[in-house]
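Here the structure is laid out as structure tokens; the discussion comes afterwards.
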Amino acid sequence: NNVKGNWSAPQAVDDDGTADFAPSVIADGEKIYVAWQNISKEFSDNAALEDVAKASTIAMSTWAKGSGFGNAITVSDTAWMAAAPEIGVDGAGKPYVAYIQNTEGDFLLTTGKNNIAYSVIDGSKVEKHSYLTDVGLITSLSTAFDGTYQFAYTVDKDADTSSMNDREVVVNGVATDNEVMDSNPQFITAGNDILCFWYQDGKLVMQDASGKEKVIYEDDSSAITDDFHILPGENGQMAMIWTAMDDKDKKQLEGIVYDK
């Protein structure tokens, strides 16, 4: 469909003078909810990375028609470093944010304990919940709501970033178990179903609402990487795009479209 009308001028979601990154956004048809990783105070250029990490929180703001973005609120537990927010909307229409906590203020998540937590936001009220503690080295996180809060993440079993074949995807507590790399799970809503997709050793795998897995694309040359994104469309359509390596070891974008 053609986009009609005009784009607005850029607007800061929350200009507090500190570093902001890793945004996650979702819309419910009326409002737009944005969560991001927010460094909660200003630092000098020579500040220690550990000190900056310990000030890392998760913030959220809501956009409403006619009023724009509201005041940002902190939704994470400020006792721990918070990172990698993923935002969703639950069955009551409340936004919620899943994120990773690290007990040692380590941006790389290789020291200390890594926990998965989530916060449910109702206006200015924030309910903080723990999902899992001491998970291990988490390299990605995704969330969805389908009657219950759903979580998927990648864990590096030996916490050694130089080896990849021990990375497994965990979807709602059930982990892959193989000798190849599984990575980057992503939930999407397709019609009335919540689907989860992830990368597995040159393949793109889909898990349906019943938990059944299916390889939806495979490249014998293993040119596919785990750098992929999937988007739902209307009437059950889906599109997926990823970074691949060509025969000259140069990166290129490839994609597929699903149509019922």
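This structure is a prediction, so every number in the text was calculated from the model and none was measured. For this chain, numbers begin at 1 and follow the sequence in order.
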Side-chain donor/acceptor of Asp193 to backbone N/O of Leu195, under 3.5 Å: no
Heavy-atom donor-acceptor pair, Gln186 side chain to Phe228 backbone, under 3.5 Å: yes
Modelled atom types, side-chain donor and acceptor of Glu168 and Thr176, under 3.5 Å: yes
Flag if over 12 foreign heavy atoms under 6.0 Å of CG, Asp134: yes
Main-chain N/O of Ala82 paired to Ser56 side chain as donor or acceptor, under 3.5 Å: yes
Flag side-chain contact, heavy atom, 4.5 Å: Val135 against Asn115: no
Pair Ser44-Asn46, side-chain donor/acceptor within less than 3.5 Å: yes
Trace of the ring-ring contact (aromatic ring centres under 6.0 Å, His included) decision for Tyr131 with Phe151: CA-CA 9 Å; Tyr131 174 64; Phe151 302 91; 4.1 Å; yes
Validation row: Phe107, Met81 side chains within 4.5 angstrom (heavy atoms): yes
Residues Val13, Trp36; criterion side chain to side chain contact (heavy atoms under 4.5 Å, CB included); working and verdict: CA-CA 10 Å; Val13 176; Trp36 66 95; 3.6 Å; yes
Closest heavy-atom pair and its distance - Leu137, Leu108: CD1-O, 3.6 Å
Any side-chain heavy-atom pair of Asn165 and Glu179 under 4.5 Å: no
Exercise: identify the closest heavy-atom pair between Lys54 and Gly105: CG-CA, 4.0 Å
Polar side-chain atom of Ser76 near backbone of Thr57 as donor-acceptor pair, under 3.5 Å: no
Expected output: side-chain Thr225 to main-chain Asp227 donor-acceptor under 3.5 Å: yes
Side-chain ion pair, Arg167 and Asp182, N-O less than 4.0 Å: no
Side-chain touch Val205/Phe197, heavy atoms, less than 4.5 angstrom: no
Any donor-acceptor N or O pair under 3.5 Å, side chains Asp28, Tyr33: yes
Asp122/Lys94 ion pair, N-O < 4.0 Å: yes
Whether over 12 other heavy atoms sit under 6.0 Å from Lys113 NZ: no
Test ring-ring contact (aromatic ring centres under 6.0 Å, His included) applied to Tyr149 and Tyr96, step by step: CA-CA 9 Å; Tyr149 298 99; Tyr96 72 96; 4.8 Å; yes
Residue pair Asn184 / Thr154: nearest heavy atoms and the distance that separates them: N-OG1, 3.0 Å
Contact summary for Glu254 and Ala244, nearest pair of heavy atoms: CD-CB, 3.7 Å
Gln11, CD atom: more than 12 neighbouring heavy atoms under 6.0 Å: yes
